[in-house]
Number of protein chains: 2
Amino acid sequence: MSTVSRDSVREILHAFLAGRGLRKTAQRDAIIEAAFATNEHYTAEELLTMSRAIDTSVSRATVYRTLPLLVESGLLRELDFGGDTKIYDPNFLEHPTHNHLVCVDCKKIVEFEDPNMELLENCITRRLGFTPANKRVTIEAHCDEFQSRGKCSKAANSAR
Amino acid sequence: MSTVSRDSVREILHAFLAGRGLRKTAQRDAIIEAAFATNEHYTAEELLTMSRAIDTSVSRATVYRTLPLLVESGLLRELDFGGDTKIYDPNFLEHPTHNHLVCVDCKKIVEFEDPNMELLENCITRRLGFTPANKRVTIEAHCDEFQSRGKCSKAANSAR
DNA sequence: ATTCGTGCAAAGTATTTGCAAAGTT
DNA sequence: AACTTTGCAAATACTTTGCACGAAT
């Protein structure tokens, strides 16, 4: 489903693990498998469910312990839209600079990429005497469809 | 200390409370007083401490119950830089469109404003079929000073 | 008088951690 | 054999909530 194959994801992670003297385990593989089987965002709990569908032996603790590894290796991005739970975005390998728009009305999350934004952020950062590392833009907005019809045709994304 | 006086802040909040049939209380006033006595960011717990310096009777629960009111009334902005605790920014009245740069090395938070950013965000939002509501840009970056000297002269901001 | 707000302490909830057993290299 | 990883359940830590009393309108 993704242009970056799951195999290459696994290779990247294995390289990352190896470089840190960490080990390859069945549970971690199941979690990776689950984490990149979708383009949707998900919570830790949802990832646990998805991982268990692949390997019943995956525990909540392991998911919570593996998520930071995936984030540090750059495969997964942690997002925080203000809810109680962090949500994870598996689409950064394909679209490393994408940002998010969250519909205030229907909670739908729209991903977008914009080179001008990218450029502008870099300029601002340098002007302030810094070197860019991570940039996050989150736009909350009302969808016009909701405004006129009182309802969105787009289903709300499950990710809180 | 701020160009927007604390009195006008109190007026805005009282209007907000009145419009909702909510009451004016000594504790809420103390919390407001504390909340806008500084331009620094703070956590709920820090606001509790500051409020108690003004009125000993302020309880933690009241702070936690008042914060959402301040946020909804538009006086205060809730920020989330990924830590465990939310942090609050009292500078949005004076600079409604400002954004944040967080130094990865020294944790310092730099506020910045940029009209081009503002413009670009609006364009992108409209192009996607939405009407802008809230926009947040967070840039994580390395400060050049840290890079060259291994240390920042700027003290790390206390806000996590 | 009525309704709202408060403090306290208990509850809630996402996440983290200690430990002994099991797995990996 | 040495060291990492796991699952379980207990522990954390921030925030929320129930309740009875007190305060504001």
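Here is how names work: the chains are called A, B, and so on, in the same order as the sequence lines, proteins then strands, and each is numbered from 1.
Across all their heavy atoms, B/Ala30 and B/Asp55 have their closest contact at CB-CB, 3.6 Å.
For DNA chain C, the residues of residues 65-78 of chain A within the heavy-atom distance limit of 4.0 Å (strictly under) are A/Arg65, sorted by number.
Judged by distance alone, the side chain of A/Arg28 and the main-chain N or O of A/Arg23 form a donor-acceptor pair under 3.5 Å.
With sequence neighbours left out, A/Glu118 forms a salt bridge (Lys or Arg N to Asp or Glu O under 4.0 Å) with A/Lys135. Evaluation of the side-chain contact (heavy atoms from CB on, under 4.5 Å) rule for B/Ala34 yields B/Leu47, B/Met50, B/Ser51, B/Ile54 as partners, not counting sequence neighbours.
In the hydrophobic cluster analysis, where Ile, Leu, Val, Met, Phe, Trp and Tyr join through side-chain heavy atoms closer than 4.5 angstrom, A/Tyr64 is grouped apart from A/Leu17. Under the 4.5 Å side-chain heavy-atom criterion for Ile, Leu, Val, Met, Phe, Trp and Tyr, A/Val71 and B/Val104 are members of distinct hydrophobic clusters.
Rounded to whole angstrom, the span from the CD1 atom of A/Ile31 across to the P atom of D/dT5 amounts to 12 Å. Computed from coordinates, the A/Glu45 CD to C/dG12 C1' distance equals 15 Å when rounded to whole Å. Straight-line distance from the CZ atom of A/Arg60 to the C1' atom of C/dT15: 10 Å, rounded to whole Å. Put simply, CG on A/Leu17 is 8 Å from P on D/dT5, counting in whole angstrom units. Remark: C1' of D/dC14 and CD of B/Glu46 are 13 Å apart, rounded to the nearest angstrom. To the nearest angstrom, P of D/dA13 lies 18 Å from CG of B/Leu48.
Sequence neighbours left out, the pairs with a member in residues 57-76 of chain A that pass salt bridge (Lys or Arg N to Asp or Glu O under 4.0 Å) are A/Arg20-A/Glu72, A/Glu45-A/Arg60. Every pair passing salt bridge (Lys or Arg N to Asp or Glu O under 4.0 Å) that includes a residue from residues 119-133 of chain B is listed here, sequence neighbours excluded: A/Asp114-B/Arg127.
With A/Leu76 as the partner, the side chain to side chain contact (heavy atoms under 4.5 Å, CB included) test is satisfied by one option alone out of A/Leu67, A/Asp89, A/Asn91, A/Leu93: A/Leu67.
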Quick tally for nucleotides 20-25 of chain C: nucleotides whose base has a protein heavy atom under 4.0 Å get B, sugar-phosphate-only ones S, the rest -, giving ---BBS
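Between B/Tyr64 and A/Arg28, the residue whose closest nucleotide on DNA chain D is further toward the 5' end is A/Arg28. If B/Gly21 and B/Ala61 are placed on DNA chain C by their nearest nucleotide, the residue sitting closer to the 5' end is B/Gly21.
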